[in-house]
Protein chains: 2
Amino acid sequence: MTISNRKERQKEELKAKILQTAKALFMERGYEETSIRNIAERIEYSPTTIYLYFKDKDDIFYALHREGFVLLNQYFRALGHVEDPFERLKAIAKAYVTFALENGEFYDLMFIIRSPMNALEKEKKEELDWEEGDRAFGFLVNTIEECIAKGYFKGMNAEVLAFTTWSMVHGICSLEIRNRCSVVSELNQPNLAMRACEMVNEILNRMHTVSPS
Amino acid sequence: MTISNRKERQKEELKAKILQTAKALFMERGYEETSIRNIAERIEYSPTTIYLYFKDKDDIFYALHREGFVLLNQYFRALGHVEDPFERLKAIAKAYVTFALENGEFYDLMFIIRSPMNALEKEKKEELDWEEGDRAFGFLVNTIEECIAKGYFKGMNAEVLAFTTWSMVHGICSLEIRNRCSVVSELNQPNLAMRACEMVNEILNRMHTVSPS
DNA sequence: ATATTTTACTTAACGGTGTTAAGTTACAGA
DNA sequence: TCTGTAACTTAACACCGTTAAGTAAAATAT
């Protein structure tokens, strides 16, 4: 009993260590520069050992991708206590951009890099542990539904508006992270993203009072 | 004279052939699956020959990236004759999303993939042939400036609003292209992007009449 | 206590990648 | 005819993800 328990615990510890090392390397150097061989070297195991704990590279980065959503939800959780849904919505937009700018590599993995989506497609059958991602998007949808219930965004579909709002902030963050801002403006760079983020607020402010065209 | 002319012409022809082959492979299989060796094999030269015509892989994809902007500007040129700047702005948003959905790989290269930006950074000195990219963004900025001159978007900065508008449509397109839509909604997929695009129109419609908060 | 199976891991290899140094061949100009 | 240069190739370096086969130790069964 206790001895096979220990073995199992040790297996889980090594799996966690692989993940933790992958995370460290990934945050230092990004996805492309984090190889199975690098991870292996740092934990002092052979590269093939990693395949005893993860199906492939996508599987590792899918696990990290999930960690990213846990972190994002931490940013969001603080906003649960904003009473007014419209104020909460604007706070979500700001928190999202802040999360992206403070955790660039994670953001890249969660919303831009293809790898974790490949892993998700390979599983496909159950995929029920997308939980943390659903929680994040669900928070946005619920907030918008509350807004609509209060008379904001009259005549709009909540899910589509949630997606469109997400698109706005994702657009800002991904252009910043993939270096498309510097090319387009002289404003020094975190500034353009932050000013766009403020403008999203302004857009939301202007939107809600007018009836559909 | 005429003989060295021919040589020079042949060099340019081979350079063009490399580019054209890279483009074909890239559109068939995407960036990751297009290798120098693949290109070389298809044109029946050795891989190293390619380095006589392009500095590195980034350099090749920077050239293709430029072609992408020429294509995007073709989509835009048709809208030059829309008189009303506000209608033109909405048409630009729609044309942009259409371009992205019809030319997914190109869009990826132009606005998501890191490679061409690496090439741009390496040059750095002159970089004056960014022309086509400037033309595209300039078209958007000018249109918004015209809108502001006509009384739309009162109190807003044209450049920041242009960037924010770009962010909205880029968000939609990049979430679609990098497969983040299916995960979030049951709506079948080109639909979510198109409905979000319509909602951008709706947002613009609702924005312009109200004064800043 | 010995034999067998299972676990945990490694070595070696396959087939790919971008890139560079060194070598070859053919042709233009002296 | 000799020489230098232009155009191209061969071979190699240092990586990559991944898999098949092998090893050594520990657990289990006899």
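Just so it is clear: chains get the letters A, B, ... in the order the sequence lines come, proteins before strands, and each one is counted from 1. Side chains are part of it too, since the values below use all heavy atoms of this structure and drop only hydrogens, waters and symmetry mates. In this text, all values refer to a predicted model and were calculated from it rather than measured experimentally.
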Asker: Under the ring-ring contact (aromatic ring centres under 6.0 Å, His included) definition, can you give me all pairs with a residue in residues 28-55 of chain A, not counting sequence neighbours?
Answerer: A/Y31-A/F61
Asker: Distance check needed: C/dT20 P versus B/F54 CZ, whole Å only.
Answerer: 16 Å
Asker: Assess, by modelled atom type and distance only, whether the side chains of A/R88 and A/T143 contain a donor and an acceptor separated by less than 3.5 Å.
Answerer: yes
Asker: Got a list of protein N/O to nucleotides 15-19 of chain C N/O distances below 3.5 Å?
Answerer:
{"unit_1": "C/dT17", "atom_1": "OP1", "unit_2": "B/S35", "atom_2": "OG", "d": "2.7"}
{"unit_1": "C/dG18", "atom_1": "OP1", "unit_2": "B/I36", "atom_2": "N", "d": "3.2"}
{"unit_1": "C/dG18", "atom_1": "OP1", "unit_2": "B/K57", "atom_2": "NZ", "d": "3.4"}
{"unit_1": "C/dG18", "atom_1": "OP2", "unit_2": "B/I36", "atom_2": "N", "d": "3.1"}
{"unit_1": "C/dG18", "atom_1": "N7", "unit_2": "B/R37", "atom_2": "NH1", "d": "2.5"}
{"unit_1": "C/dG18", "atom_1": "O6", "unit_2": "B/R37", "atom_2": "NH2", "d": "3.3"}
{"unit_1": "C/dT19", "atom_1": "OP2", "unit_2": "B/Y51", "atom_2": "OH", "d": "2.8"}
{"unit_1": "C/dT19", "atom_1": "OP2", "unit_2": "B/K57", "atom_2": "N", "d": "2.9"}
{"unit_1": "C/dT19", "atom_1": "O5'", "unit_2": "B/Y51", "atom_2": "OH", "d": "3.2"}

Asker: At a cut-off of 3.5 Å, list every protein nitrogen or oxygen paired with a nitrogen or oxygen from nucleotides 5-8 of chain C, distance to 0.1 Å.
Answerer:
none

Asker: State which residue, out of A/F139, A/F111, A/F137, fulfils the ring-ring contact (aromatic ring centres under 6.0 Å, His included) condition with A/F69.
Answerer: A/F111
Asker: Picking from A/I43, A/I50, A/I60, A/T34, what satisfies side chain to side chain contact (heavy atoms under 4.5 Å, CB included) with A/T21?
Answerer: A/I43
Asker: Taking only residues two or more places apart in sequence or in another chain, which ones pass side-chain hydrogen bond (donor to acceptor under 3.5 Å, both in side chains) with A/D59?
Answerer: none
Asker: Give me each pair satisfying salt bridge (Lys or Arg N to Asp or Glu O under 4.0 Å) with a member in residues 63-82 of chain A, each pair once, sequence neighbours excluded.
Answerer: A/K23-A/E67, A/R66-A/D129
Asker: Examine the side chains of A/E33 and A/N38 and answer whether a donor and an acceptor come within less than 3.5 Å of each other.
Answerer: no
Asker: Holding to ring pair (Phe, Tyr, Trp, His ring centres under 6.0 Å), I want the full list of residues that pass it with A/F106, two or more places apart in sequence or in another chain.
Answerer: none
Asker: C/dA26 P sits how many Å from B/Q10 CD, rounded?
Answerer: 16 Å
